[in-house]
Amino acid sequence: MRVSIVIPTLNERENIKTLVKRIFALGISNLEVIVVDDSSSDGTIAVLRALRKRFPVTLILRPKKLGLGSALKDGLGLARTHGAAVALTMDADFSHEPERIPEMLRHIENGADLVVGSRRVPGGAIKGWGLTRTVMSRVAMELARRALGIKTRDVTSGFRAYRRRVLETVDLKHISSTGYAFQEEMLYKTQRAGFIITEIPITFHDRTRGKSKLGLRDIIEFFVTVIKLKFN
């Protein structure tokens, strides 16, 4: 079974080398890592080119910052082209523990079409967030769930495993979100298509190195996407 792991990057030199090594240390057969880089200026690309000499890493270089959702579409599209049976997405900053990947793959093997690493189910947790961010995230997520009828508790988690048939059914070209709202739009359309979605509890660790890429534009797009999906 071919497995592709898609990792968007923008100035992640401090994290990406260790992350890639930990992923391949899992011993997953027929594994590739696809890194989608939005023109990093901190040496991330040089680190990735060195990693390619040791590991099956594919690098998509983009001319500027085009957004998380856009990066995931490019990466998932390439994973599908490469024949991946399962495509995973995760952050580059160790918010997501790579050691949870084998468990996600087991759930796919047992029948799930989409596995979401969830901070919102029993056993899930978030470490490193303040009260304001925690409350804002929970309110936004509940608004999206209620407005769109999404059953999954963690709407915005980026730690996911997609079975190939999801990517063949949900047309990535028709996902309009280019930022963080990609997660809710993809989840909504996957549920609407009737696929089996499973959540597993994870502990989300706020980054300790590098800077967050979440901005006001992403927050606005999140709510605009809810409205678009609700009424379209």
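Just so you know, these numbers come straight off a predicted model, no measurement behind them.
Between T225 and E185, the side chains place no donor N or O within less than 3.5 Å of an acceptor N or O (distance only, hydrogens not considered). Between the side chains of S95 and R119, no donor N or O sits under 3.5 Å from an acceptor N or O.
The main-chain N or O of L10 is never found under 3.5 Å from a side-chain atom of D38 such that the two would form a donor-acceptor pair. The closest donor-acceptor contact from the side chain of R160 to the backbone of L114 lies at 3.5 Å or more, if one exists at all. Checking side-chain atoms of K189 against main-chain N and O of H174 turns up a donor-acceptor pair under 3.5 Å. Proximity of a side-chain donor or acceptor of S157 to a complementary backbone N or O of F159 within less than 3.5 Å is detected. A donor-acceptor contact shorter than 3.5 Å is absent between the side chain of E97 and the backbone of T203. At least one donor-acceptor pair under 3.5 Å links the side chain of R13 to the backbone N or O of D42. Distance alone, capped at 3.5 Å, places no donor-acceptor pair between the N30 side chain and the V3 backbone.
With a 4.5 Å cut-off on side-chain heavy atoms, E12 and V35 do not count as touching.
Checked for salt-bridge contact, R106 and E109 miss the test: no charged N lies under 4.0 Å from a carboxylate O.
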inquiry  = Could you walk me through whether S177 and E221 satisfy the side-chain contact (heavy atoms from CB on, under 4.5 Å) test, starting with their C-alpha distance in whole Å, then the side-chain angles of each, then the deciding distance to 0.1 Å, before giving a yes or no?
reply    = CA-CA 7 Å; S177 306; E221 186 192 40; 3.8 Å; yes
request  = Test salt bridge (Lys or Arg N to Asp or Glu O under 4.0 Å) on E168 and R165 and set out the steps.
outcome  = CA-CA 5 Å; E168 293 175 333; R165 63 190 180 199; over 6 Å; no
request  = Quick one: do L51 and L59 satisfy side-chain contact (heavy atoms from CB on, under 4.5 Å)? Show the steps, please.
outcome  = CA-CA 10 Å; L51 286 168; L59 179 58; over 6 Å; no
message = Please evaluate residues V155 and L148 with respect to the criterion side-chain contact (heavy atoms from CB on, under 4.5 Å), reporting the C-alpha separation (whole Å), side-chain torsions for both, the decisive distance (0.1 Å), and the verdict.
response = CA-CA 11 Å; V155 176; L148 300 177; over 6 Å; no
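Between the OG1 atom of T156 and the CD atom of E184 there is a distance of 8.5 Å, given to the nearest 0.5 Å.
Linking Ile, Leu, Val, Met, Phe, Trp and Tyr residues whenever their side-chain heavy atoms come within less than 4.5 Å places V139 and L131 in a single cluster. Criterion: ILVMFWY side-chain heavy atoms under 4.5 Å apart, direct or through other members. Under it, I196 and I108 are not part of a common hydrophobic cluster. By the rule that hydrophobic residues join a cluster once side-chain heavy atoms approach within less than 4.5 Å of another member, Y188 and L172 end up as members of one cluster.
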Listing, residues 72-83 side-chain donor-acceptor contacts under 3.5 Å, not counting sequence neighbours, or none:
| unit_1 | atom_1 | unit_2 | atom_2 | d |
| --- | --- | --- | --- | --- |
| K73 | NZ | I175 | O | 2.7 |
| D74 | OD2 | R62 | NH1 | 2.9 |
| R80 | NH1 | L167 | O | 2.8 |
| T81 | OG1 | G77 | O | 3.0 |
| H82 | ND1 | E32 | OE1 | 3.1 |
| H82 | ND1 | E32 | OE2 | 3.0 |

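Between W129 and F204, the two ring planes are perpendicular [angle over 60°; tilted spans 30° to 60°].
Crowding of M136 atom CE: a count of heavy atoms from other residues, nucleotides or ligands under 6.0 Å not exceeding 12.
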